[in-house]
Amino acid sequence: QVQLVESGGGLVQAGGSLRLSCAASGRTSRGYTMAWFRQAPGKEREFVAAIWWSGISTYYADSVKGRFTISRDNAKNTVYLQMTSLKPEDTALYYCAGGPSRGVSEAAYNYWGQGTQVTVSS
């Protein structure tokens, strides 16, 4: 089992920035793709960003492209999501996910964190 714990969420004004972190522990996550998803109230969970094990390849949802940056530090077993130019529509519970497959679908990921709340005020 791999445990994922997110941190870094909070309340921020529109236009502001936040950095989310996701620390992995337990069974090794070596080789895993890591991703961020989010779920806004009353909406389905949606893909935000993913990063392959190498850290070289990344993929973003169109809604966050150019504003969010995903990165990882494999030595620390941690993945990050730097969020800038935040908008009220970015308000959601943000989840970290990991798995051996690559993809933008929830089904590609075996392990999930509990989520960290991001609220962007207008």
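Heavy atoms only: backbone and side chains are in, while hydrogens, waters and symmetry mates are out.
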Residues two or more places apart in sequence or in another chain: which of them pass ring-ring contact (aromatic ring centres under 6.0 Å, His included) with Phe37?
Phe47, Tyr109, Trp112
Heavy-atom closest contact ([X] atom, [Y] atom, distance):
{"X": "Ser122", "Y": "Pro88", "value": "CB-CG, 3.9 Å"}
{"X": "Ser17", "Y": "Ser85", "value": "OG-N, 4.4 Å"}
{"X": "Lys65", "Y": "Asp62", "value": "NZ-OD1, 3.1 Å"}
{"X": "Ile70", "Y": "Ala35", "value": "CD1-CA, 4.4 Å"}
{"X": "Val2", "Y": "Ala24", "value": "CG1-CB, 4.3 Å"}

Does one hydrophobic cluster hold both [X] and [Y], with members joined at side-chain heavy-atom distances below 4.5 Å?
{"X": "Trp52", "Y": "Trp36", "value": "no"}
{"X": "Tyr95", "Y": "Tyr32", "value": "no"}
{"X": "Val79", "Y": "Val104", "value": "no"}

Examine distances only and state if a side-chain atom of [X] and a backbone atom of [Y] form a donor-acceptor pair shorter than 3.5 Å.
{"X": "Thr78", "Y": "Ala23", "answer": "no"}
{"X": "Thr84", "Y": "Arg67", "answer": "yes"}
{"X": "Thr33", "Y": "Ser101", "answer": "yes"}
{"X": "Asn110", "Y": "Pro100", "answer": "no"}

With side chains defined as the heavy atoms from C-beta onward, is the minimum distance between [X] and [Y] less than 4.5 Å?
{"X": "Leu20", "Y": "Arg38", "result": "no"}
{"X": "Val120", "Y": "Glu89", "result": "no"}
{"X": "Asp73", "Y": "Tyr80", "result": "yes"}
{"X": "Tyr94", "Y": "Glu6", "result": "no"}
{"X": "Ser25", "Y": "Asn77", "result": "no"}
{"X": "Met34", "Y": "Leu4", "result": "yes"}

With rounding to the nearest 0.5 angstrom, report the [atom1] to [atom2] distance, [X] to [Y].
{"X": "Leu81", "Y": "Phe68", "atom1": "CG", "atom2": "CZ", "answer": "6.0 Å"}
{"X": "Leu11", "Y": "Gln117", "atom1": "CG", "atom2": "CD", "answer": "9.5 Å"}
{"X": "Arg72", "Y": "Ser21", "atom1": "CZ", "atom2": "OG", "answer": "13.5 Å"}
{"X": "Lys43", "Y": "Leu93", "atom1": "NZ", "atom2": "CG", "answer": "14.5 Å"}
{"X": "Gln39", "Y": "Glu44", "atom1": "CD", "atom2": "CD", "answer": "8.0 Å"}

With a 6.0 Å cut-off (strictly less than), is the heavy-atom count around OH of Tyr59, excluding the residue itself, greater than 12?
no
I'd like to know whether CD of Gln114 has more than 12 heavy-atom contacts from other residues, nucleotides or ligands below 6.0 angstrom.
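12 or below, so no.
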Does the distance from a Lys or Arg side-chain N to an Asp or Glu carboxylate O, for Lys87 and Asp90, drop under 4.0 Å?
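No, Lys87 and Asp90 are not salt-bridged.
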